[in-house]
Amino acid sequence: MSAQPLLCARGVWKFFGDFAALRDIDLEIAPEATLALLGRNGAGKTTLLRMLAALSSPSRGSITARGEPLRSENYRRRIGVISHDIWIYDELTAQENLDFFAGLYGIRKAAVRISQWLEITGLARVRHRPAREFSRGMRQRLAIARAFFHEPEILLLDEPFTALDDQAAGLLRGLIARPSGQPRRTIVLSTHQLQEALGLATEVAVLDRGRVAFRGPNTEDLRASPGDLYKKFSEPTP
Amino acid sequence: MGFLRATLAIALKDLRIERRSREVLNVAFSFALVVLLLFSFTFDPSGEETRAMSGGLLWLVFSFAGTLALNRSFARETANQCLDALVSAPVSGAAVFLGKALANALLLLALELACLPVFGIFYNVRWSVSFGWLLLVMALGTWGFTVVGTVFSALTVNVALREIMLPLLVFPITVPALMASVQLTTVLFTGEPIAAEMVWLRLLFGFDLIFTLLGLALVEYVLVG
């Protein structure tokens, strides 16, 4: 890898009791790369993503962002996370949710930014309604606004398209792709949807039972026969 | 974002959610009323003995109702996994802890103030005579109980039996603060001079200081592991 890595995992293990969910992971992610993290259920994708999102620490080894620990506030300010859950407060309105997170992220002129994102996500007209009154799709779009509105440099996406309706999925695809001319984000994307992942990724890593079984660039060969990835590098779940 | 601004943002968010849902105050206040009523059947309100144990009765009610409120503190963050959003946001775990403790303490204090007139009627206690001192004791006692409860609320948030675990963990540790609060409250209710009981007040200050610092130091490990 030519560029200095933005994220660097060295000898990372994660134990839950006696069970090793991650085993000796070494991984480097270059700036502006889009890494598809692939693997069967239980391979360790979500565990690794949670560590990259500073939500959990390695049991052994270390993960750094340009030498900085991931629990540093500077790193956490630079990440945007979309998880299985939407991370929004049902009792607060769309506006209040974004106001609250704008406060935590120290965003200046937050009102303007929030209005822009409510427009982008199509929630401007319902900004003063509590999130619990929203439809599933509206809640997903609010979650996308929450993840993106602080302009994160690094995106951590855990099965981002799985629960999305068409509108939210289209919105998310557009935000990930970004118009040309804008600096690209560094993206780590965990998914089961091989075609979707290989359509977006520049790099691919296959996890198998907590180990990195394959790591390399996303090539024409991989895109031509994505099913082969699991056949070659991932043992079937018993 | 500054530590204090983050603390305040989290406290205000919790209070705003409580104002909308009233899930803590309604339940805890109803529970406190029921316990006060049941105790009033057990003890003779006009008896001297009842007066002598009035502080203990009141703090039993406060602590039982308080655990109901504290249980919800971090449990509220489990809906939609909002706790993950707080932990991955660029604020220290200490700010999350202090913001939550502040909101919990204000809620409990409001609950206690609402209980006082009822207690006065049921037990024939003139609680308003030394109200300034009483408010100080309630604030200090509540803060001590809250900081310990907030740390354990975070620790037990993903435990299946957290409603049972929380009081089991909190009550033994808060015994010194509860003892001091009971003693001082009883003295105030019986009209004895509080100057002779300053050691209890110092104990309460010390407890609050030590456990606030411990909470601030430990909460990062509790939240991230």
Which one of A:Arg78, A:Arg50, A:Arg139, A:Arg71 has the most heavy-atom pairs closer than 4.5 Å to chain B?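 The option with the most such pairs is A:Arg71.
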Minimum-distance pair of heavy atoms, taken over all atoms of B:Ala89 and A:Tyr105: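 Here B:Ala89 and A:Tyr105 meet closest at CA-OH, 3.7 Å.
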Is the number of heavy atoms from other residues, nucleotides or ligands within 6.0 Å of [atom1] ([X]) greater than 12?
X        : atom1 : answer
B:Arg22  : CZ    : no
A:Phe15  : CZ    : yes
A:Arg136 : CZ    : no
B:Trp133 : CH2   : no

Chain B-proximal positions within residues 83-97 of chain A [heavy-atom distance under 4.5 Å]: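 Listed by number: A:Asp85, A:Ile86, A:Trp87, A:Ile88, A:Tyr89, A:Asp90, A:Glu91, A:Leu92, A:Thr93, A:Glu96.
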Taking heavy atoms only and a threshold strictly under 4.5 Å, list by residue number the residues of residues 53-64 of chain A that touch chain B; give 'none' if the list is empty.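 Those residues of residues 53-64 of chain A which have a heavy atom under 4.5 Å from chain B are A:Ala53, A:Ala54, A:Leu55, A:Ser56, A:Ser57.
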For the interface with chain A, which of B:Ile10, B:Leu223, B:Leu12 has the highest count of heavy-atom pairs at distances below 4.5 Å?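 So the answer, after comparing B:Ile10, B:Leu223, B:Leu12, is B:Ile10.
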Is there a donor-acceptor pair closer than 3.5 Å between any side-chain N or O of A:Arg76 and the backbone N or O of B:Val87?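 Yes; at least one donor-acceptor contact below 3.5 Å.
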Answer with side chain, backbone, both or neither: which region of B:Leu83 has an atom nearer than 4.5 Å to a non-hydrogen atom of chain A?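 Neither part; nothing is under 4.5 Å.
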Looking at side-chain heavy atoms only, is the closest gap between B:Ser92 and A:Glu73 below 4.5 Å?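 In contact.
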Just wondering, do A:Leu104 and B:Leu86 contact through their side chains at under 4.5 Å, heavy atoms?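 Sidechains of A:Leu104 and B:Leu86: in contact.
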Name the region of A:Tyr75, side chain, backbone, both or neither, that has any atom closer than 4.5 Å to a heavy atom of chain B.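 Nothing of A:Tyr75, per the 4.5 Å heavy-atom cut-off to chain B.
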